[in-house]
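Encoded as structure tokens, the structure appears first; notes follow it.
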Amino acid sequence: KVTELGSGVASSLLGAAIGVPAFTREEALASKKEADARKVNGQPYFLPILVKKETSPEDVAAMNISAGILTAVGGSSSHAMIVAKGRGKPAIAGAPITINEQEGWFEIGGVRIHRHEPFTLDAANNLILKGEVGEQGAAAAGIDLPEDFLTGSRGQGAGNLIDNGR
């Protein structure tokens, strides 16, 4: 089931990503390593989506390996947005999220998304969604996807769903 949870102040307008939240640089790197191992073994996997209050230059390594970026602070000229646009990554900044890094969850729209729980970051429509969006899930949730949302190669390029092997 796909549920629309909210949006941000600004988005990179660069497609969408399905991933699992990572709240620190170290967590993002570990999540990427786990995804790579699962991929090699032919198992389903999700890349991390970096979820932070705001990003800084120290987060760039995590931003590079993440499927997308979600921040509570910022707008179109924030560090997260500039880096995301430069790297062709889906990103949403200024989202009304509460983050509990220690317990491993973020909350938006009264719903908590926990560590290792897939969610969708739809930067093309500036939406944060609970669940894995596909054509049927979006239709059931009443969400209109852009024509190119589910096109292109996996994990590549702006305007495409970065579907992380699903």
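Hydrogens, waters and symmetry mates play no part in the numbers below; they use all other heavy atoms, side chains included. This is a predicted model, so every value here is computed, not measured.
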Next on the checklist: Would Leu129 and Leu5 count as a side-chain contact (heavy atoms from CB on, under 4.5 Å) here? Give the steps.
Outcome noted: CA-CA 5 Å; Leu129 307 157; Leu5 301 176; 5.9 Å; no

Next on the checklist: Could you go through Val20 and Ser31, starting from their C-alpha distance and side-chain angles, then the distance that decides it, and tell me whether this counts as side-chain contact (heavy atoms from CB on, under 4.5 Å)?
Outcome noted: CA-CA 8 Å; Val20 292; Ser31 181; 3.7 Å; yes

Item to check | Test side-chain contact (heavy atoms from CB on, under 4.5 Å) applied to His116 and Glu34, step by step | outcome: CA-CA 11 Å; His116 304 296; Glu34 179 184 336; 4.1 Å; yes

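Side-chain N or O atoms of Lys89 include one that pairs as donor or acceptor with a backbone N or O of Asn64 at under 3.5 Å. Checking side-chain atoms of Arg112 against main-chain N and O of Glu107 turns up no donor-acceptor pair under 3.5 Å. Of the possible polar contacts, one joining the Asn100 side chain to the Glu103 backbone as a donor-acceptor pair under 3.5 Å is found. Side chain of Asn125 to backbone of Leu127: no donor-acceptor contact under 3.5 angstrom is found. Using modelled atom types, no side-chain atom of Ser66 and backbone atom of Ile69 make a donor-acceptor pair closer than 3.5 Å. The closest donor-acceptor contact from the side chain of Arg115 to the backbone of Glu101 lies under 3.5 Å. No side-chain donor-acceptor contact under 3.5 Å links Thr120 to the backbone of Asp122. In terms of modelled atom types and a separation under 3.5 Å, the side chain of Glu117 and the main chain of His114 share a donor-acceptor contact. Listed for the Ser12 side chain is no donor-acceptor partner under 3.5 Å among the backbone atoms of Met81.
Between Ile97 and Lys52 the shortest heavy-atom distance is CD1-O, 4.4 Å. Between Asn126 and Ala10, the closest heavy-atom pair is OD1-O, 4.1 Å. Closest approach of Pro21 and Ile113 over heavy atoms only: CG-CG2, 4.0 Å. When every heavy atom of Ile65 is checked against every heavy atom of Ala28, the shortest pair comes out as CD1-O, 3.3 Å. Minimum interatomic distance between Ser11 and Ala123 (heavy atoms only, all atoms of both residues): OG-O, 2.6 Å. When every heavy atom of Ile49 is checked against every heavy atom of Gly19, the shortest pair comes out as CD1-N, 3.5 Å.
Close placement of the Phe119 and Phe106 rings is indicated, their centers lying within 6.0 Å of each other.
To the nearest 0.5 Å, atoms CE (Met63) and CD1 (Ile82) are separated by 9.5 Å. To the nearest 0.5 angstrom, Thr55 atom OG1 is 14.0 Å from Arg25 atom CZ. For the atom pair CD1 of Ile99 and CH2 of Trp105, the computed distance is 9.5 Å after rounding to the nearest 0.5 Å.
Ionic pairing of Lys130 and Glu4 is not present here: no N-O contact between side-chain nitrogen and carboxylate oxygen is shorter than 4.0 angstrom.
Side-chain atoms of Pro57 and His79, non-hydrogen and from C-beta on, do get closer than 4.5 Å to each other. Here the side chains of Val73 and Ser78 are not in contact, with every heavy-atom distance at 4.5 Å or above.
Partner of Leu121 under the side chain to side chain contact (heavy atoms under 4.5 Å, CB included) criterion, chosen from Leu50, Val51, Ile128: Ile128.
Put simply, Val111 and Phe23 are part of the same group of oily side chains (I, L, V, M, F, W, Y) that touch within less than 4.5 Å, one to the next.
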